[in-house]
4 protein chains.
Amino acid sequence: MAGDRGGPARRTSRGERTRGRLLEAARQVMAARGFGAARIEDIVAAAGVSHGTFYTYFENKAAILDALIDTAAAQLQAVVDEPWDGPDGQAAIEAVIGRFVRVFAEHADVVRVWLEASANDAHFAARLTEVRGGYVGRVAEVLAPALTGTTHDPTLAAGALVAMVEGAVTQGVTGARDGDPAAVVRTLRSLWVGGVLRLAEDAG
Amino acid sequence: MAGDRGGPARRTSRGERTRGRLLEAARQVMAARGFGAARIEDIVAAAGVSHGTFYTYFENKAAILDALIDTAAAQLQAVVDEPWDGPDGQAAIEAVIGRFVRVFAEHADVVRVWLEASANDAHFAARLTEVRGGYVGRVAEVLAPALTGTTHDPTLAAGALVAMVEGAVTQGVTGARDGDPAAVVRTLRSLWVGGVLRLAEDAG
Amino acid sequence: MAGDRGGPARRTSRGERTRGRLLEAARQVMAARGFGAARIEDIVAAAGVSHGTFYTYFENKAAILDALIDTAAAQLQAVVDEPWDGPDGQAAIEAVIGRFVRVFAEHADVVRVWLEASANDAHFAARLTEVRGGYVGRVAEVLAPALTGTTHDPTLAAGALVAMVEGAVTQGVTGARDGDPAAVVRTLRSLWVGGVLRLAEDAG
Amino acid sequence: MAGDRGGPARRTSRGERTRGRLLEAARQVMAARGFGAARIEDIVAAAGVSHGTFYTYFENKAAILDALIDTAAAQLQAVVDEPWDGPDGQAAIEAVIGRFVRVFAEHADVVRVWLEASANDAHFAARLTEVRGGYVGRVAEVLAPALTGTTHDPTLAAGALVAMVEGAVTQGVTGARDGDPAAVVRTLRSLWVGGVLRLAEDAG
DNA sequence: AATGAATGAGTGTTCATTCAT
DNA sequence: CATGAATGAACACTCATTCAT
């Protein structure tokens with residue numbers, strides 16, 4: 001995993017607990033202030049440890065975000081790795097979108113921070129490209145058969161659909177019925193399915 | 001307009017030119033490095049003026065981004081303010097999406113920086129919410145008639161569609177046929193139209 | 001007390017020593033160059049610590065002067081708070097003036113800096129007014145009985161007498177027999193006592 | 001006179017007027033903000049001229065204060081140069097103190113700024129020492145005959161008395177009957193005369 | 001004489017990171 | 001493992017002064 005410090009820490013359960021507290025604190029602080037504005041000071045204060053202890057567990061500020069991203073990325077990847085039927089299987093596509101939305105929503109704060117960090121840091125930009133490329137590519141694969149013979153590029157379409165889900169969840173789609181993730185899934189599913197059907201109809 | 005320094009500067013055409021050069025330089029530097037990492041030093045070097053001159057025209061780093069955002073926001077708003085037919089007028093909706101995409105693409109660099117700055121700065125977050133709220137609300141209005149009798153919330157749907165366009169353009173869904181904005185517009189238009197038609201079919 | 005940085009610092013005796021060195025350095029540097037011209041750079045160099053360490057103990061340049069003033073103000077206040085006999089008790093008045101002169105002389109450098117800072121900074125001006133008001137008021141109280149029936153205002157007289165002591169010491173009325181504070185006390189005492197007796201004789 | 005710029009300015013009456021406006025503006029701004037915090041920008045704004053014009057009339061910021069001090073110093077000197085009787089001539093001493101108070105009061109704002117500038121600038125400190133030395137020396141001369149045979153140093157006593165007057169006026173002696181300069185003169189005169197008489201009584 | 005745009009040296013302050021205890 | 005004091009590089013910002021017009 002990225003972001004660890006190989007050293008002595010994490011051998012004992014006490015160290016494990018401290019590390020966990022730091023991760024949770026970093027997540028909260030970065031969600032609240034953003035990556036750039038989050039100070040180590042804030043994180044250690046939230047975790048209830050001393051300043052120096054931070055560096056027992058993480059090499060630097062980037063490393064702790066990296067560790068946070070590890071978790072989110074793994075779950076995002078899992079959605080993609082699971083079996084996935086074509087766009088015609090309504091229930092299947094709905095399940096996939098549902099999982100996407102749920103995972104994104106669960107990690108929306110980390111993803112927001114990740115997006116911000118990508119603007120300044122090539123490493124985070126690369127990880128983003130890699131992870132996004134992974135699931136956009138998978139979606140494109142699924143879309144491809146339906147789009148043969150049309151003028152639409154599967155990767156372009158996949159990117160747009162994924163951006164729709166990512167944006168809808170990351171931006172909070174607030175103003176609407178926040179409280180009901182099921183409603184969000186339902187609407188996104190219809191937009192996705194309807195959009196894909198339309199693409200398929202556009203003859204070359 | 002936000003982002004100006006009230007009094008002294010910009011009375012002569014020479015001053016006007018300097019201010020313009022600073023804006024262009026800021027745009028380039030911030031697009032390349034992001035807002036946080038962009039140093040005044042970089043901006044003035046790119047503009048070919050001295051360090052102090054920056055502050056003749058802008059109160060601080062945030063102010064010059066504010067000025068950049070003024071332009072982008074005005075054009076985004078213009079797209080929304082123009083007459084706009086219902087979702088059935090195919091040509092009309094295509095034109096709107098086309099304009100949206102074009103404006104977003106034209107200011108994609110500024111929007112990216114704006115997104116980053118929003119993570120740290122309440123002012124930019126508020127401006128983003130305001131501008132986004134404006135066009136999401138307008139799209140929702142247009143969608144509303146088609147969605148009566150369905151379970152879909154117009155604002156939620158509008159937010160998702162706008163996120164799709166914003167994300168597709170901002171993230172440079174490139175990787176695919178970059179060079180062809182017309183292709184992007186065509187695919188986004190089909191996804192949008194198809195998605196909306198599908199929503200309308202979903203009976204409550 | 002004003003001038004501290006709340007939390008982290010000053011828990012260990014090492015920190016305590018560093019803080020003390022900074023205070024002493026600030027006192028010397030400000031006495032030599034004045035408040036405005038004293039640079040943090042000069043202070044940390046004199047204290048033998050790094051630039052950043054300054055901010056571990058004091059929020060900014062004003063805060064360290066504030067801390068210096070805390071000490072001076074407390075001692076000035078102490079002179080006033082001690083028991084104090086009427087203007088007739090010769091020995092008593094001499095003791096008070098002596099203490100005044102000694103405290104002023106001991107903190108003359110800080111008071112000079114304080115006076116300078118008051119010209120630019122409302123906070124220091126307010127503290128000065130407050131402290132001065134305190135002992136001028138006390139002196140006026142003591143003077144009041146002797147001045148009933150005369151045309152003299154006790155506060156005015158007290159202000160003038162205090163200004164005499166403050167000015168004599170602060171300006172280093174030196175040039176004359178510097179080395180001998182006792183001589184200064186003796187002369188000031190006679191001027192003070194003689195002046196007050198004269199005021200008392202002036203019938204309304 | 002110190003503080004002028006020899007050049008083209010001040011030849012025409014228009015130039016003369018501009019120079020006067022700058023002096024008056026500098027006086028106001030420096031009185032309000034202090035010397036250090038007064039910006040050329042503030043002064044030219046108050047004078048209603050452009051930034052560059054300042055340097056047509058004064059070499060730098062110090063020069064304009066120097067010019068202001070010229071006037072005050074000359075009048076202070078005049079008080080001292082006028083004929084002056086011994087400490088026994090009641091009317092005479094009262095007249096001198098009255099003139100002192102009046103001149104100090106008239107230029108109190110400039111003197112305050114001058115005091116502040118002396119803390120940072122050797123030139124102003126030197127001028128202050130020179131001017132003060134002048135009138136303190138004169139007062140000491142006058143006092144000397146009365147103090148022969150006592151333990152009191154005339155210069156020390158003179159310094160204290162002058163500090164009393166200077167302090168009383170410069171600090172606004174507020175809290176008391178501000179509005180009545182005559183009352184201030186009366187009280188200061190009694191303190192002065194009573195003090196001196198007492199000194200004279202102290203046998204060596 | 002006047003204007004105001006341009007300059008750039010100077011300095012306060014922040015904060016990630018190190019290290020002695 | 002934990003602590004928190006110390007470090008110092010990095011930057012934003014100010015403002016007196018110059019100079020082309």
Side-chain angles (χ1 to χ4, degrees), chain A residues 7-12 14-15 18-19 36-44 49-62, chain B residues 7-19 36-44 48-62, chain C residues 7-19 36-44 48-62, chain D residues 7-12 14-15 18-19 36-44 49-62:
Chain A
R10 249 176 86 221
R11 293 243 177 86
T12 70
R14 178 198 186 189
T18 303
R19 189 185 131 92
R39 297 175 308 156
I40 302 295
E41 171 70 31
D42 300 326
I43 295 171
V44 297
V49 302
S50 83
H51 206 125
T53 295
F54 180 92
Y55 292 89
T56 303
Y57 295 93
F58 301 95
E59 205 171 315
N60 52 38
K61 197 166 86 162
Chain B
R10 238 171 81 211
R11 274 194 211 144
T12 69
S13 64
R14 180 194 183 193
E16 194 64 54
R17 227 178 317 128
T18 301
R19 190 184 131 94
R39 295 174 309 155
I40 301 294
E41 173 72 31
D42 300 327
I43 296 172
V44 296
V49 301
S50 82
H51 203 121
T53 295
F54 180 92
Y55 293 92
T56 303
Y57 295 94
F58 302 97
E59 207 169 318
N60 51 39
K61 199 165 81 163
Chain C
R10 238 172 83 211
R11 275 197 210 140
T12 69
S13 63
R14 181 195 184 192
E16 194 62 57
R17 227 179 315 129
T18 301
R19 190 185 131 93
R39 295 174 309 155
I40 302 294
E41 172 71 33
D42 300 327
I43 296 172
V44 296
V49 300
S50 82
H51 204 121
T53 295
F54 180 91
Y55 292 91
T56 302
Y57 295 94
F58 302 96
E59 208 169 317
N60 50 40
K61 199 166 82 164
Chain D
R10 247 176 84 220
R11 294 245 175 84
T12 70
R14 179 199 187 189
T18 303
R19 190 184 132 93
R39 297 176 309 157
I40 303 293
E41 170 71 31
D42 300 326
I43 296 171
V44 296
V49 302
S50 84
H51 206 126
T53 295
F54 181 91
Y55 292 90
T56 303
Y57 294 94
F58 301 96
E59 204 170 318
N60 51 39
K61 196 166 87 162

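Only a predicted model underlies this, so the values are computations on that prediction, with no experimental measurement involved. No hydrogens, no waters, no symmetry mates; every other heavy atom, side chains included, goes into these values. Residue numbers start from 1 in every chain, and the chains themselves are labelled A, B, ... in the order their sequence lines are given, proteins ahead of strands.
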Can you tell me the distance, in whole Å, between the CZ atom of D:Arg19 and the P atom of E:dA2? 13 Å
Give a yes/no answer on whether the side chain of D:Tyr55 brings an N or O atom under 4.0 Å of OP1 or OP2 in F:dT17. yes
Nucleotide E:dA16, atom P - distance to OH of A:Tyr57 in whole Å: 20 Å
Closest heavy-atom contact between A:Arg19 and A:Phe58? NH1-CE2, 3.4 Å
So which heavy atom on B:Tyr55 is nearest to which on B:Asn60, and how close? CE2-CA, 4.1 Å
Can you tell me the distance, in whole Å, between the CZ atom of D:Phe58 and the P atom of F:dC15? 21 Å
Please report the distance separating the P of E:dA1 from the corresponding atom of F:dT21, rounded so that it comes out in whole Å. 22 Å
What distance separates D:Tyr57 OH from D:Thr18 OG1, expressed to the nearest 0.5 Å? 4.0 Å
Protein-nucleotide distance (D:Glu41, atom CD; E:dT3, atom C1'), rounded to Å: 13 Å
Over how many whole Å does the gap from C:Arg17 atom CZ to E:dT21 atom C1' extend? 12 Å
Run through D:Ile43, D:Val44, D:Thr56 and flag the one making a side-chain contact (heavy atoms from CB on, under 4.5 Å) with D:Val49. D:Val44
Output row for DNA chain F, stems defined as at least 3 consecutive Watson-Crick or G-U pairs under 3.5 Å, is E:2-21 with F:2-21
Nearest-nucleotide 5' precedence on DNA chain E, B:Arg14 against A:Asn60: B:Arg14
Report yes if at least one side-chain N or O of A:Thr18 is closer than 4.0 Å to OP1 or OP2 of F:dC1; otherwise report no. no
How close or far is atom P of F:dA16 from atom CD1 of D:Ile43, stated in whole angstroms? 8 Å
Could you run down the sub-3.5 Å N/O contacts of the protein with nucleotides 7-11 of chain F?
unit_1: F:dT7; atom_1: OP2; unit_2: C:Ser50; atom_2: N; d: 2.7
unit_1: F:dT7; atom_1: OP2; unit_2: C:Ser50; atom_2: OG; d: 3.4
unit_1: F:dT7; atom_1: OP2; unit_2: C:Thr53; atom_2: OG1; d: 3.1
unit_1: F:dG8; atom_1: N7; unit_2: C:Gly52; atom_2: N; d: 3.1
unit_1: F:dC11; atom_1: OP2; unit_2: B:Arg39; atom_2: NH1; d: 3.2

